[in-house]
Amino acid sequence: MAAAARFPKSVRLRRRAEFLKLQEGKQSVQVSAACLLALALPNGRETARLGLTVSSKVGNAVTRNRIRRHLREWFRTHIEELPKGHDVVIIARSSAAAASGEELGSAFARAASLLKKKVGA
RNA sequence: GGAGCAGCCUGGAUGCACGCCGGCCAUUGCAGGACGGGGUGGCGGGAGGAAAGUCCGGGCUCCACAGGGCAAGGUGCUGGCUAACGGCCAGUCGCAGCGAUGCGCAGGAAAGUGCCACAGAAAACAGACCGCCUCCCGGGCAACCGGGCGGUAAGGGUGAAACGGUGCGGUAAGAGCGCACCGCGCACGGCGUGAGUCGGGCGGCACGGCAAACCCCACCUGGAGCAAGAGCCAAUAGGGGAGCAUGACUGGCCCGGUCGCUCCCGGGUAGCUCGCUGGAGCCUGCAGGCAACUGCAGGCCUAGAUGAAUGUGCGUCGCCCGCCGCAAGGCGGGGACAGGACCCGGCUUACAGGGCUGCUCCGGUU
RNA sequence: GGUCCCGUAGCUCAGCUGGAUAGAGUACUGGCCUCCGAAGCCAGGGGUCGCGCGUUCGAAUCGCGCCGGGAUCG
């Protein structure tokens with residue numbers, strides 16, 4: 001199971017066009033959980049891919065990095081809870097600045113289960 | 001011991017597991033082979049004193065190689081340091097403080113223009129409202145009153161500021177009218193590279209303030225920015241329509257220079273690589289200098305990402321706080337400001353806690 | 001990386017250039033009007049002029065340094 005807990009570049013969104021496809025595409029599934037906003041869209045691959053959006057309105061660079069790293073850590077350890085073969089974009093709201101690492105993880109978990117339900121249904 | 005001033009340093013340490021970024025080596029396999037990309041393994045590397053704000057200065061790159069004039073902007077006591085600076089060091093002067101020290105856009109107001117509300121007679125070539133005084137005329141016994149020609153600016157009151165201040169002499173009353181001291185100005189001499197300072201002398205006072213008002217003087221500045229710019233890259237097109245050519249571009253304008261230009265349709269502007277980290281570099285020693293800093297010698301290599309890495313979890317030790325305990329100790333909690341994006345030199349701002357050095361004042365003891 | 005703007009009463013703004021009264025609308029309070037309310041009329045309260053330092057006799061205004069908010073270009 002070591003391979004499942006890794007986070008190489010192949011499971012990340014790395015192009016602006018890929019983000020825009022989810023944010024502006026009408027086919028993407030949208031879900032809200034606590035301080036997070038989640039978007040999902042089938043990507044034609046076997047695994048899920050993650051993209052994170054934490055704008056400068058959330059906080060300074062240290063705060064944004066902390067949020068990004070916690071969300072990435074949860075994705076790395078819980079990738080099987082996400083819908084397979086989908087690109088997932090997580091957008092942090094400004095309230096995420098006050099959330100702890102555990103709160104961010106549980107928010108991500110709720111968003112993931114909601115997404116799975118919506119996509120599977 | 002207390003109060004304070006200045007400068008500097010530090011910004012937790014360490015173990016295990018799972019990860020991330022890039023480097024080197026090995027291996028696998030796509031491939032005819034190499035290069036290159038992918039997978040796997042090993043080795044060692046991976047945020048700051050401010051990385052921040054973007055307030056200045058430079059390197060570097062490109063532009064029509066930056067030439068002249070005007071304009072615009074900046075700097076502004078002196079000397080030095082520096083690649084350069086609005087920075088730093090050492091001094092001068094002024095202000096604050098008992099002091100150590102701190103702060104200061106600190107040139108020019110007899111080049112010109114402008115402004116100085118209210119109050120006050122008058123606010124900047126001076127003049128005279130209430131006053132003071134000699135003389136003359138009139139009245140009155142007189143004290144004095146009224147008027148006039150003059151002389152004054154001491155006193156009054158206003159103001160932030162009233163054309164040197166205080167004292168003595170002097171005078172009809174007064175006045176730098178004269179003298180002493182202080183202030184101011186001028187030239188001279190000593191010291192200093194200089195800003196200045198010290199000294200004695202002379203002048204009788206002229207020159208109100210504001211230049212963080214316009215301005216004058218001296219000095220400085222070409223523009224844009226690594227999304228600069230270059231390569232893979234060969235074409236950088238070519239076509240149709242309309243308009244202007246007294247046109248357009250080059251940093252604002254002119255000279256100078258360059259070219260046809262602009263708009264619409266259509267097409268394209270994707271991606272990767274380089275730039276990209278070895279540099280005004282860091283450490284140590286010696287030498288010069290009050291210092292900033294510089295020179296020489298030796299040693300060292302210390303992030304290079306690009307939807308953007310340096311993380312998460314569990315421990316141990318150390319620091320701080322609270323509670324329990326006589327104590328050893330136990331339990332719980334806390335650990336700031338903040339994250340590279342081409343690179344340096346400064347400035348400014350934020351910051352839990354800890355440490356070092358020098359100095360000042362006050363008190364006590366010997 | 002570059003450039004620009006704003007901050008004044010609870011809210012929206014003027015005053016700043018060219019220095020000397022801090023004002024307007026709205027909201028709030030009280031009164032008048034009305035049977036009551038709205039509208040209208042009258043009166044009143046409410047201001048560290050974002051912060052600090054400076055220049056000046058005097059600073060919302062001028063200078064410098066910050067803080068906060070926003071816009072824009074590539």
Side-chain angles (χ1 to χ4, degrees):
Chain A
M1 279 295 105
R6 297 187 67 247
F7 190 65
K9 280 179 179 172
S10 57
V11 299
R12 282 182 256 162
L13 294 184
R14 302 187 67 226
R15 304 234 164 277
R16 177 165 175 78
E18 295 171 339
F19 279 81
L20 291 177
K21 211 161 137 192
L22 270 85
Q23 288 172 13
E24 293 174 2
K26 301 198 168 81
Q27 309 97 319
S28 56
V29 176
Q30 186 173 333
V31 139
S32 172
C35 54
L36 302 178
L37 203 69
L39 302 168
L41 192 68
N43 59 1
R45 292 162 180 263
E46 294 183 357
T47 59
R49 291 197 304 171
L50 178 68
L52 295 170
T53 294
V54 187
S55 79
S56 60
K57 286 184 181 175
V58 175
N60 59 21
V62 172
T63 312
R64 296 200 305 271
N65 277 341
R66 188 177 58 79
I67 293 165
R68 236 192 322 261
R69 284 160 178 165
H70 277 108
L71 293 177
R72 226 177 42 202
E73 185 67 15
W74 190 91
F75 176 86
R76 184 172 74 82
T77 50
H78 300 79
I79 190 167
E80 68 278 359
E81 295 183 22
L82 283 161
K84 283 191 174 132
H86 282 72
D87 285 342
V88 177
V89 167
I90 302 290
I91 300 168
R93 297 210 179 97
S94 54
S95 56
S100 70
E102 293 178 15
E103 286 167 349
L104 288 168
S106 62
F108 200 163
R110 259 193 70 203
S113 66
L114 286 171
L115 274 181
K116 216 167 183 180
K117 217 190 275 177
K118 235 177 167 177
V119 166

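Naming: A, B, ... by sequence-line order, numbering from 1 per chain.
Straight-line distance between the P atoms of B/G251 and B/A66: roughly 14 Å, to the nearest whole Å. Straight-line distance between the P atoms of B/G38 and B/U302: roughly 25 Å, to the nearest whole Å. To the nearest whole angstrom, the two P atoms, one in B/G322 and one in B/A305, are 49 Å apart. Comparing B/A213 with C/A20, their P atoms sit 14 Å apart, to the nearest whole Å. Across the P atoms, C/G1 and B/U221 are found 27 Å apart, a figure rounded to whole Å. Using C1' as the reference atom, B/A309 and B/C261 are 50 Å apart when rounded to the nearest Å. Only the P atoms considered, B/C249 is 10 Å distant from B/C263, to the nearest whole Å. C/U29 and C/U72 have their C1' atoms separated by 45 Å, with the value rounded to a whole Å.
In this structure, the salt bridge (Lys or Arg N to Asp or Glu O under 4.0 Å) partners of A/Arg49, at least two apart in sequence or on a different chain, are A/Glu18, A/Asp87.
Judged as a ring pair (Phe, Tyr, Trp, His ring centres under 6.0 Å), not a single pair has a partner in residues 27-64 of chain A (not counting sequence neighbours). Each ring pair (Phe, Tyr, Trp, His ring centres under 6.0 Å) pair with one or both residues in residues 38-73 of chain A, not counting sequence neighbours, would appear here, but there are none. Among pairs with a residue in residues 82-106 of chain A, none fulfils ring pair (Phe, Tyr, Trp, His ring centres under 6.0 Å), at least two apart in sequence or across chains.
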Which donor-acceptor pairs under 3.5 Å do the side chains of residues 96-111 of chain A make with protein atoms, sequence neighbours left out?
unit_1	atom_1	unit_2	atom_2	d
A/Ser100	OG	A/Glu103	N	3.4
A/Glu103	OE1	A/Ser100	N	2.9
A/Ser106	OG	A/Glu102	O	3.4
A/Ser106	OG	A/Glu103	O	3.0

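In this structure B/G295 sits in a base pair with B/C286, meeting the Watson-Crick or G-U test at under 3.5 Å. Under the Watson-Crick or G-U wobble criterion, with both distances below 3.5 Å, B/A187 has no partner in any strand shown. Figure legend. B/C18 is base-paired to B/G311; pairs are counted as Watson-Crick or G-U wobble with both atom distances under 3.5 Å. As the counterpart of C/A20, no nucleotide is assigned, since no Watson-Crick or G-U wobble pattern has both distances under 3.5 Å. Look at B/A153: it lacks any Watson-Crick or wobble partner with both distances under 3.5 angstrom. The partner of B/G225 is B/C60, by the rule that a Watson-Crick or G-U pair needs both atom distances under 3.5 Å. Base pairing of B/G41 is made with B/C25, judged by Watson-Crick or G-U wobble geometry with both donor-acceptor distances under 3.5 Å. Across all strands shown, B/G329 forms a Watson-Crick or G-U wobble pair with B/C324, both key distances being under 3.5 Å.
Side-chain contact between A/Leu50 and A/Leu13: absent, with no pair of heavy atoms (C-beta onward) separated by less than 4.5 Å.
One atom, CD1 of A/Ile79, and another, P of B/C18, lie 18 Å apart when rounded to the nearest Å. For A/Arg64 and B/A338, the CZ to P distance is 13 Å, given to the nearest whole Å.
Nucleotide B/U246 carries an anti base; the chi torsion (O4'-C1'-N9-C4 or O4'-C1'-N1-C2) is more than 90° from 0. Nucleotide B/A128 carries an anti base; the chi torsion (O4'-C1'-N9-C4 or O4'-C1'-N1-C2) is more than 90° from 0. In B/G49 the O4'-C1'-N dihedral to the base is within 90° of 0, which defines a syn nucleotide.
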(request) Report the C-alpha distance between A/Arg64 and A/Ser55 in whole Å, list the side-chain angles of each, state the deciding distance to 0.1 Å, and finish with yes or no for side chain to side chain donor-acceptor pair (under 3.5 Å). (result) CA-CA 8 Å; A/Arg64 296 200 305 271; A/Ser55 79; over 6 Å; no
What's touching nucleotides 307-313 of chain B from the protein side, N or O pairs under 3.5 Å?
unit_1	atom_1	unit_2	atom_2	d
B/G307	O2'	A/Leu13	O	2.3
B/G307	O6	A/Arg16	NH1	2.8
B/G307	N2	A/Leu52	O	3.3
B/G307	N2	A/Thr53	OG1	2.4
B/U310	OP1	A/Arg72	NH2	2.6
B/U310	OP2	A/Arg69	NE	2.8
B/U310	OP2	A/Arg69	NH2	3.0
B/G311	N2	A/Arg76	NH2	3.3

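A distance-only check finds no donor-acceptor pair linking the side chain of A/Arg66 to the backbone of A/Ala61 [under 3.5 Å].
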